[in-house]
S.K.: 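One structure, as structure tokens, below. Some questions next.
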Amino acid sequence: PVEMTFFHLMSKVSVTITHDSSITDFDSLAKELTIENVVGTAKINLSTGVVTPGSSADKKITAFLMDSDNASFSAIMIPQGASNVKFRLKLGNDYYSSTMDIAYQSGKEYKYTFTVTKNEGALSLKSTNINEWTVGSEITQKMTKETSSN
């Protein structure tokens with residue numbers, strides 16, 4: 001058996017969207033979150049684990065909708081520092097956004113909570129924190145040779 005150790009080399013972004021009383025139909029509205037003006041390419045040195053982001057911060061990442069009712073999103077990002085990164089939420093037919101500078105590190109999870117206010121047409125950052133990713137389960141299993149190549 002060969003032991004293999006894996007590390008999180010990317011950054012994880014977790015976003016929760018909340019709303020105030022001006023949005024009464026929040027749960028029933030379709031939701032989509034993009035993270036714009038970020039680097040979308042990188043080189044990874046597998047012997048050192050160093051991730052070097054590309055030079056162009058012109059990509060748009062669509063976050064995965066984890067929970068529609070609670071508007072929880074998740075995205076795996078290239079570790080990077082970038083200015084004017086836009087978190088853009090499509091809520092029904094309306095768009096809300098918030099722009100900020102980021103500095104993401106390998107193996108870190110960045111948690112954001114944004115509040116949507118319909119009256120102001122705003123997406124405001126309510127809170128943010130950074131957590132280490134937790135170690136998942138460890139599985140040891142042998143692989144057996146297959147009898148056919150199909």
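FYI, the numbering just counts along the sequence from 1. Predicted model only: the values in this text are computed from it and were never measured. Computed over heavy atoms, backbone and side chain alike; hydrogens, waters and symmetry mates excluded.
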S.K.: Not counting sequence neighbours, which residues clear side-chain contact (heavy atoms from CB on, under 4.5 Å) with Ala57? List them please.
M.R.: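 Partners of Ala57 under the side-chain contact (heavy atoms from CB on, under 4.5 Å) test: Val39.
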
S.K.: Any non-hydrogen side-chain atom of Met77 less than 4.5 Å from a side-chain atom of Ile61?
M.R.: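 Yes, their side chains come closer than 4.5 Å.
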
S.K.: Rounded to the nearest 0.5 Å, how far apart are OG1 of Thr16 and CE of Met66?
M.R.: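 Taking OG1 in Thr16 and CE in Met66, the distance rounds to 10.5 Å.
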
S.K.: Quick one: side-chain contact (heavy atoms from CB on, under 4.5 Å) partners of Asp94, sequence neighbours excluded?
M.R.: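 Asp94: side-chain contact (heavy atoms from CB on, under 4.5 Å) contacts with Tyr96, Lys118.
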
S.K.: Any luck finding a side-chain donor-acceptor pair between Ser14 and Glu109 under 3.5 Å?
M.R.: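 Yes - a donor-acceptor pair under 3.5 Å links their side chains.
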
S.K.: Could you tell me whether the side chain of Ile35 reaches within less than 4.5 Å of the side chain of Lys60, counting heavy atoms only?
M.R.: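 No, side chains not in contact.
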
S.K.: Does any part of the side chain of Val38, heavy atoms only, come nearer than 4.5 Å to the side chain of Tyr104, both counted from C-beta?
M.R.: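 No. Closest side-chain heavy atoms not under 4.5 Å.
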
S.K.: Just to verify, what does Lys86 make a side-chain contact (heavy atoms from CB on, under 4.5 Å) with, not counting sequence neighbours?
M.R.: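 By the side-chain contact (heavy atoms from CB on, under 4.5 Å) rule, Lys86 matches Glu36, Asn37, Arg88, Ser97, Thr99.
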
S.K.: Under 4.5 Å between any side-chain heavy atoms of Val15 and Phe87, yes or no?
M.R.: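 A side-chain contact exists here, since the closest heavy-atom pair is under 4.5 Å.
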
S.K.: Can you tell me how far CG of Leu46 sits from OG1 of Thr48, rounded to the nearest 0.5 angstrom?
M.R.: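 Between atom OG1 of Thr48 and atom CG of Leu46 there are 8.5 Å.
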
S.K.: With sequence neighbours excluded, tell me which residues meet side chain to side chain donor-acceptor pair (under 3.5 Å) with Ser55.
M.R.: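 With neighbours one apart ignored, the set is empty.
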
S.K.: Closest approach of Ser106 and Leu9, non-hydrogen atoms and distance?
M.R.: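 Nearest heavy atoms, Ser106 then Leu9: OG-O, 2.8 Å.
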
S.K.: Return the set of residues passing side chain to side chain donor-acceptor pair (under 3.5 Å) with Asn84 (not counting sequence neighbours), or none when no residue passes.
M.R.: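 Asn84: no side chain to side chain donor-acceptor pair (under 3.5 Å) contacts found.
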
S.K.: Looking only at non-hydrogen atoms, find the nearest pair between Ile78 and Gly40 and report the distance.
M.R.: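 In this case the closest contact between Ile78 and Gly40 is CD1-C, 3.3 Å.
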
S.K.: If we only count heavy atoms from C-beta on, is the Glu32 to Leu65 side-chain gap below 4.5 Å?
M.R.: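 They are not in side-chain contact.
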
S.K.: Minimum heavy-atom separation for Tyr110 and Ala103, please, with both atom names.
M.R.: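 Tyr110 and Ala103 have their closest heavy atoms at OH-O, 3.4 Å.
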
S.K.: Between Lys31 and Ala71, which heavy-atom pair has the shortest distance, and what is it?
M.R.: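 Taking Lys31 first and Ala71 second, the nearest heavy atoms are CD-CB, 3.7 Å.
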
S.K.: Asp25: which residues meet the side-chain contact (heavy atoms from CB on, under 4.5 Å) condition with it, sequence neighbours left out?
M.R.: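 By the side-chain contact (heavy atoms from CB on, under 4.5 Å) rule, Asp25 matches Ile23, Ser28, Leu29.
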
S.K.: Any heavy-atom pair between the side chains of Phe73 and Val13 that's under 4.5 Å?
M.R.: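 With C-beta onward as the side chain, the pair stays apart.
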
S.K.: Nearest 0.5 angstrom please: Thr34 OG1 to Lys59 NZ, how far?
M.R.: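 Those atoms lie 14.5 Å apart.
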
S.K.: What pair of heavy atoms forms the shortest contact from Pro79 to Ser11, and how long is it?
M.R.: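 Shortest heavy-atom separation between Pro79 and Ser11 comes out as CA-OG, 3.6 Å.
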
S.K.: Answer yes or no: is there a side-chain heavy-atom contact under 4.5 Å between Lys12 and Ser74?
M.R.: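 They are in contact (side-chain heavy atoms under 4.5 Å apart), so the answer is yes.
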
S.K.: Would a 4.5 Å heavy-atom cut-off, applied to side chains only, mark Val116 and Leu89 as touching?
M.R.: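 Yes - at least one pair of side-chain heavy atoms lies under 4.5 Å apart.
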
S.K.: Ignoring hydrogens and geometry, is there a side-chain-to-backbone donor-acceptor pair from Thr113 to Thr18 under 3.5 Å?
M.R.: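 The answer is no, because no donor-acceptor pair under 3.5 Å joins these two groups.
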
S.K.: Could you measure the distance from the CD1 atom of Ile17 to the CG atom of Leu33? Nearest 0.5 Å is fine.
M.R.: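 Interatomic distance, Ile17 CD1 to Leu33 CG, rounded to 0.5 Å: 5.5 Å.
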
S.K.: What closest approach, in Å, do Ala82 and Val85 show between heavy atoms, and which atom pair accounts for it?
M.R.: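 What the structure gives for the nearest pair is CB-CG2, 3.6 Å.
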
